[in-house]
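Since we're looking at a predicted model, the values are computed, not measured.
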Amino acid sequence: MPATLTPPAADPAASVRAGAVPRRRSRLLALPEVRRAAAATALFLLALPLQLAGAPALIWGALYVLSYATGGWEPGWEGLKALKGRTLDVDLLMVVAALGAASIGQVMDGALLIVIFATSGALEALATARTADSVRGLLDLAPATATRIAADGTEQTLPVDELAVGDTVLVRPGERVGADGRVLDGASEVDQTSITGEPLPALKEPGDEVFAGTLNGTGALRVRVERDASDSVIARIVRMVEEASETKAPTQLFIEKVEQRYSLGMVAATLAVFGVPLAFGEAFSEALLRGMTFMIVASPCAVVLATMPPLLSAIANAGRHGVLVKSAVAMERLGQIDAVALDKTGTLTEGTPRVVDVRPLRERGLDEVELLTFAAAAEHPSEHPLARAVVDAARERGLDLPATEGFTSAPGIGVMAVVGGRTVQVGAPARLLAEAEAEVEVEVEAKCAADADAGADAGGDTDGVVAALVRELEESGRSAVLVVVDATPAGVLGIADRLRPDAAATVAALTVLTGTAPTLLTGDNPRAAARLAAEAGVEDVRAGLLPQEKVGAVRELEGAGRRVMVVGDGVNDAPALAAAHIGIAMGRAGSDLALETADAVIVRDELVAVPATVALSRRARELVVQNLVIAGVFIAGLVVWDLAGTLPLPLGVAGHEGSTVLVGLNGLRLLRDSAWKRAAAEGTGTPAGAAEL
């Protein structure tokens, strides 16, 4: 076994973070929507300065025309195809409005409208492609090949797809398990983070279940295959993410909900404004001018900008404070939630085991420093997560670790080494106690048969003290590690995943924002989950859940009419993130699949940013309503003027553009730092004070 805390770089398993998904990235420019949006934007940015500088209209006009063509051709064509199906969407209406603006000399305004919609479509296509990449990459967690053991004992390497139920496979140390099955022979600790989210490896012995894609530790396992590769837990996670992404009903922006009625009404009204006066003898040019003026003033540009700037400003502000919200729809959904489901490991907790208790047996003559020094020195060559926790605890205290000799490691038992001339064992209490008791009995029998019973009784007393100490730690949600020095128990270490400093405040804030306390969904064991939940203030705890059971819990909440936000970080959280109304991933320790599936990512790993972002979203939705009212008043006023009197075209354009600028500026208020401060204050229930907008 390597005497280092990190695996060698040549190990292929080391290149993939536990629970992470190998990254498969679609090339950015491989997406046609991105190419069209980039071309339209580049042409617009070339034309605008030439127009402002007084260059010949032929030059900048040609560039604008190309911008119209590259950015508007595809949505226009798709809109025409939708029109054949008797559906009129706002994209086609925007293309028509842009062409209408160009026909009366507002070429730049029309081109800007085209660029905005092309960019929006490109961002949506990119988000879809990234999620698809991660879902496909998830299958790489399972190895491509496995070692099958034939009836005569020979070994054969073959693709995992060729394994059949009932086959026996060999899983060597450091390999990933090739199929879901049950252990027939051997013992090892298996890292199941990708499936259950548990922070510590689980001991696997004959009769225990193992999952494809999980990482084997230092022992060798013989596993009987119990599921086909297509029905493994990891394959089911892929299917659940895909199905949830496809079937999740989209919450559209307000303008999209009234898109059909508004679009049809505007087209009909424009034709009426043009045709009716023409039928009653008005000159064609005058009727056309009135109709075009009506189309300009009634076009939904201000309505569209009423919706997008507040949401985009909120996205930008959240991004500056470490929260990546992937779309305007996601930002809108954040403000609608009324229930929250939280993962435990890596979300409420830091996701890293730490030594939280050092309990020496005083009668053995060691204090806390000496006990931790012996344990850390013995564990230093080990790569086990618990070993790293012990060594890190010693380093945090500034302890000097003596050199070790004769290091050995036994899966499921622990490690043994000679430290300063004394034999030190660190590992599972039950196994080490049994070994220590056996050694004591042998030693006592060798000295004096008459004193054997007394020695055994003394050992039994020690065992009772240690057992009580171990039970106390485990009942409080810790993992107990026994330290034995020279065959005599010397003390116990308690190791646990530590609660994030802002976890309790976040739970309290989310409770205030939604009106109900969050639910804890975790694959960890019930005792550890209950301890962490009590510290964080969560009462509804659902532990020991597999990924599909987390999805079931989310759907149960949604079936009760709730809009659920799921916050998680692992591969096992991805299906729930996809199934929820809104999903948020923790960025620092988050798996690639969770990061891609989630609608938002907490980049700085500050959990308290979650309620602040929810509050910011609600503020953005308030401004959307304000802007829709402003845009509606302007449009109604200009339309009435055009119908009841004679609205000069320049004044109509000025009014239309003025309303657009006004709602845009109103939405941009959320770019200010005071907007985030106010949202953070609302998220924690404290007075906003000077942060008020």
Side-chain angles (χ1 to χ4, degrees), residues 1-2 7-8 11-19 139-237 382-387 408-416 427-428 430-432 479 523-525 544 546 571-572:
M1 174 177 289
D11 182 2
S15 64
V16 180
R17 185 172 65 252
L139 292 173
D140 288 344
L141 279 177
T145 61
T147 303
R148 183 172 63 186
I149 302 176
D152 59 1
T154 59
E155 298 179 3
Q156 178 187 7
T157 301
L158 74 168
V160 293
D161 292 341
E162 296 182 13
L163 292 175
V165 175
D167 284 346
T168 299
V169 296
L170 174 64
V171 185
R172 295 184 173 88
E175 290 184 346
R176 289 191 178 271
V177 179
D180 286 6
R182 201 163 295 275
V183 177
L184 295 177
D185 182 51
S188 185
E189 290 178 319
V190 178
D191 185 349
Q192 300 186 135
T193 306
S194 60
I195 302 297
T196 66
E198 291 185 79
L200 301 177
L203 175 62
K204 298 296 181 180
E205 296 178 310
D208 292 336
E209 187 177 19
V210 292
F211 305 106
T214 55
L215 185 62
N216 188 25
T218 57
L221 299 174
R222 289 175 181 255
V223 177
R224 182 180 64 247
V225 178
E226 293 189 341
R227 294 191 190 96
D228 290 331
S230 61
D231 195 39
S232 67
V233 171
I234 207 75
R236 278 183 281 169
I237 291 177
S382 174
E383 298 174 355
H384 194 283
L386 292 184
T408 60
S409 175
I413 299 177
V415 303
M416 182 171 65
R431 302 289 182 87
L432 293 185
S479 295
D524 209 347
N525 68 79
L546 289 174
V571 167
N572 59 311

Exercise for the section: Measure across N216 and V171 and return the closest heavy-atom pair with its distance rounded to 0.1 Å. Expected result: ND2-O, 3.3 Å
Fill in the blank from the handout: CD of E155 to CZ of R172, rounded to nearest 0.5 Å, is 5.0 Å
Handout entry: V169 vs T147 side-chain heavy atoms within contact, under 4.5 Å
Key = no
Practice task
Looking only at non-hydrogen atoms, find the nearest pair between L546 and F211 and report the distance.
Solution key: CD2-CZ, 4.4 Å
Practice task
Indicate the atoms forming the closest heavy-atom contact of R182 with E226, along with that distance.
Solution key: NE-OE2, 3.2 Å
Practice task
Determine, stepwise, if the pair L221 / V177 fulfils side chain to side chain contact (heavy atoms under 4.5 Å, CB included).
Solution key: CA-CA 9 Å; L221 299 174; V177 179; 5.6 Å; no
Practice task
Kindly compute the distance separating CZ (R224) from CG (D185), expressed to the nearest 0.5 Å.
Solution key: 12.5 Å
Exercise for the section: Verify whether one side chain among D152 and T154 offers a donor that lies under 3.5 Å from an acceptor in the other. Expected result: yes
Practice task
Answer yes or no: is there a donor N or O on one side and an acceptor on the other, between the side chain of D191 and the main chain of P201, under 3.5 Å?
Solution key: no
Handout entry: Minimum heavy-atom distance V183-E205, with the two atoms named
Key = CB-O, 3.3 Å
Exercise for the section: Please name the pair of heavy atoms, one in L215 and one in G174, separated by the smallest distance, quoted to 0.1 Å. Expected result: CD1-O, 3.4 Å
Fill in the blank from the handout: Looking only at heavy atoms, the pair that brings G217 and S188 closest together is N-OG, 3.4 Å
Completion exercise
To the nearest 0.5 Å, atom OG1 of T168 lies from atom CG of L163 at 10.5 Å
